[in-house]
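Below, read A as the first sequence line, B as the second, and so on, with proteins coming before strands; counting in each chain starts at 1. On a predicted model such as this, the values are computed, not experimentally measured, just so you know.
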There are 2 protein chains.
Amino acid sequence: MATGDGAPLGLRERKKQETRAALSWATIRLSVERGWDAVTVEDIAAEANVSVRTFRNYFSSKAEAVVARHIDRMLHVADDLRARPADEPLPEAVTHAVLARFAPEPGADRSPRSREFLSQWVKGIRLMLTEPDVQGEFFKADLVVQRELATAIAERIGTDVARDIYPSLVAAATGAAATVAMDHWLRSDPTVPIGVILSDALDRIWAGLPVP
Amino acid sequence: MATGDGAPLGLRERKKQETRAALSWATIRLSVERGWDAVTVEDIAAEANVSVRTFRNYFSSKAEAVVARHIDRMLHVADDLRARPADEPLPEAVTHAVLARFAPEPGADRSPRSREFLSQWVKGIRLMLTEPDVQGEFFKADLVVQRELATAIAERIGTDVARDIYPSLVAAATGAAATVAMDHWLRSDPTVPIGVILSDALDRIWAGLPVP
DNA sequence: GGAAAACTTGCCCAGTCGGCATCTTTTCCG
DNA sequence: CGGAAAAGATGCCGACTGGGCAAGTTTTCC
């Protein structure tokens with residue numbers, strides 16, 4: 001619901017989604033359990049009941065499988081920005097759009113399914129920011145997200161990504177804030193929600209990084 | 001001179017530096033010539049007159065070999081920051097430290113050696129921002145640079161990276177500005193010096209990204 | 001109902017990656 | 001000066017990756 005799947009997906013498409021999710025999740029789970037280097041693609045494929053070759057059809061590396069879930073999520077930020085009211089100032093609009101994808105509906109946080117999902121998400125983020133292999137993949141993918149966001153920003157303020165550096169700069173700064181926030185979140189008191197930290201980071205960016 | 005090599009390096013160390021540079025340069029050159037995927041480690045090793053195994057002792061991948069030169073350079077930014085006068089405000093200090101490593105001494109820009117070096121540098125940057133493999137490696141390495149910078153910032157303003165998110169945020173925003181500036185530089189009019197673009201980007205960051 | 005499109009899988013090979021043992025070069029100290 | 005000892009370079013090897021190709025299967029769509 002929250003992700004707004006408009007079209008009624010056919011069986012084929014649904015299976016693909018499932019396989020993709022299963023592979024991604026299996027990669028995270030096994031890596032956390034046994035350590036990144038101790039897990040082979042073969043292990044993961046077996047865990048998800050597909051062949052090694054099929055894993056490769058979905059992801060070109062273990063790292064990509066880990067990052068995919070997060071990136072799929074973040075790709076919606078640009079759409080969220082486009083959906084913000086047109087008269088909202090840019091800083092607020094961007095901040096809201098980003099926060100929306102980091103702090104899901106507060107109501108659903110207690111359901112068992114939601115709990116499990118959250119746990120996966122956290123583990124995935126930890127892997128992304130910890131394991132060098134995955135780090136690289138993460139940033140590479142984040143670049144794509146930032147390009148999307150930059151385009152949406154350019155649309156909103158009526159300029160062009162190629163000519164004006166501003167949209168890309170805002171997108172990159174936003175991405176930087178998000179990464180730092182995630183990192184800080186993982187390293188510090190885990191009871192503070194990620195949304196609070198991220199919100200603070202974004203506010204500081206838009207305030208011109210005043211020395212505290 | 002500019003890099004301040006204090007200790008008189010022994011023969012061994014000097015050879016290592018040379019081999020490292022030769023491998024890095026060979027990787028860039030061959031990749032530009034033939035295309036990233038068409039170059040094997042074997043080709044590169046042959047080009048630099050070392051064995052494949054020796055390449056691996058220096059770099060764990062082609063991508064790392066490309067990124068190394070840029071990163072070695074950027075690692076000095078933290079030191080540069082520490083060398084700035086203590087009463088200089090943080091924004092100016094950081095900006096100067098970063099710019100110093102992007103815009104070398106204006107006097108040397110015409111010597112033939114300097115020209116050649118610059119050409120390598122540009123090609124390396126283009127690879128870094130273009131080839132996905134290298135992109136990942138670049139950002140991974142840039143993270144290390146940013147950690148260094150964050151530590152230096154924390155020292156300067158008398159706080160702690162673990163407790164206070166501010167230094168990391170500044171470092172990440174600075175890094176983001178640098179990346180965007182490089183990207184924009186490569187894509188647009190190449191007669192505008194990178195220093196100008198980067199300086200503009202950093203100013204905007206410290207001004208709170210005002211909508212133009 | 002059945003052809004066409006899309007997916008899965010096995011096979012294969014060039015290339016990567018890193019451990020280990022060996023040989024060579026450089027350093028260092030008496 | 002000379003001879004360890006330390007540091008590099010290299011070859012060999014085995015496990016794994018990454019992607020092309022050619023069957024098989026399953027789903028979709030007329």
> Given the rule in the side chain to side chain contact (heavy atoms under 4.5 Å, CB included) test, do A/Tyr58 and A/Thr19 qualify, once you have shown the distances and angles that lead to the verdict?
Replying inline: CA-CA 9 Å; A/Tyr58 281 88; A/Thr19 304; 3.7 Å; yes
Please list each protein N or O that sits under 3.5 Å from an N or O in nucleotides 12-17 of chain D, with the distance.
none

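- Ring pair A/Phe102/A/His70 is perpendicular by interplanar angle, where above 60° counts as perpendicular and below 30° as parallel.
- Residue B/Lys16 contributes atom NZ, which lies 8 Å from atom P of D/dA9 at whole-angstrom precision.
- We find that B/Asp72 and B/Arg69 are not joined by a salt bridge, their nearest charged nitrogen and carboxylate oxygen being 4.0 Å or further apart.
- Across the protein-nucleic acid pair, A/Arg14 atom CZ and D/dT28 atom C1' stand 13 Å apart, rounded to whole Å.
- For C/dT9, one of the phosphate oxygens OP1 or OP2 lies less than 4.0 angstrom from a side-chain nitrogen or oxygen of A/Ser51.
- Using a 4.0 Å cut-off, no side-chain N or O of B/Lys15 falls inside it from OP1 or OP2 of C/dT25.
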> Is there a side chain to side chain contact (heavy atoms under 4.5 Å, CB included) between A/Val134 and A/Val67 once you walk through the steps?
Replying inline: CA-CA 7 Å; A/Val134 194; A/Val67 170; 3.7 Å; yes
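- Between B/Glu33 and B/Arg29 there is a salt bridge, since at least one side-chain N of the basic residue sits less than 4.0 Å from a carboxylate O of the acidic one.
- The interatomic distance linking B/Asp37 (CG) with C/dA14 (C1') rounds to 13 Å, in whole Å.
- Between B/Arg20 atom CZ and D/dG8 atom P there is a gap of 12 Å when expressed in whole angstrom units.
- Heavy atoms of B/Val52 sit nowhere under 4.0 angstrom from any nucleic acid atom.
- Between A/Asp133 atom CG and C/dG18 atom P the separation is 9 Å, expressed in whole Å.
- Summarising the geometry, the separation between CG on A/Leu23 and C1' on C/dC7 is reported as 13 Å, rounded to the nearest angstrom.
- B/Tyr58 has a side-chain polar atom (N or O) that falls below the 4.0 Å cut-off from OP1 or OP2 of D/dA9.
- Salt-bridge annotation for B/Lys140 and B/Glu137: present, with a side-chain N of the basic residue lying under 4.0 Å from a carboxylate O of the acidic one.
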> Which is it for A/Leu23 and A/Phe59 under the side chain to side chain contact (heavy atoms under 4.5 Å, CB included) test, yes or no, and what are the steps along the way?
Replying inline: CA-CA 9 Å; A/Leu23 285 172; A/Phe59 303 108; 3.8 Å; yes
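- The closest side-chain donor-acceptor pair between A/Ser24 and A/Thr27, if any, does not fall under 3.5 angstrom.
- In this structure, B/Glu137 atom CD and C/dT16 atom P are separated by 15 Å, rounded to whole Å.
- The distance between atom CD1 of B/Ile44 and atom C1' of C/dG15, rounded to the nearest whole Å, is 12 Å.
- Classification of B/Arg84 and B/Asp80 as a salt-bridged pair fails, no side-chain N sitting under 4.0 Å from a carboxylate O.
- Rounded to 10 degrees, the angle between the two end axes of the helix from C/dG1-D/dC30 to C/dG30-D/dC1 is 30°, with five pairs used at each end.
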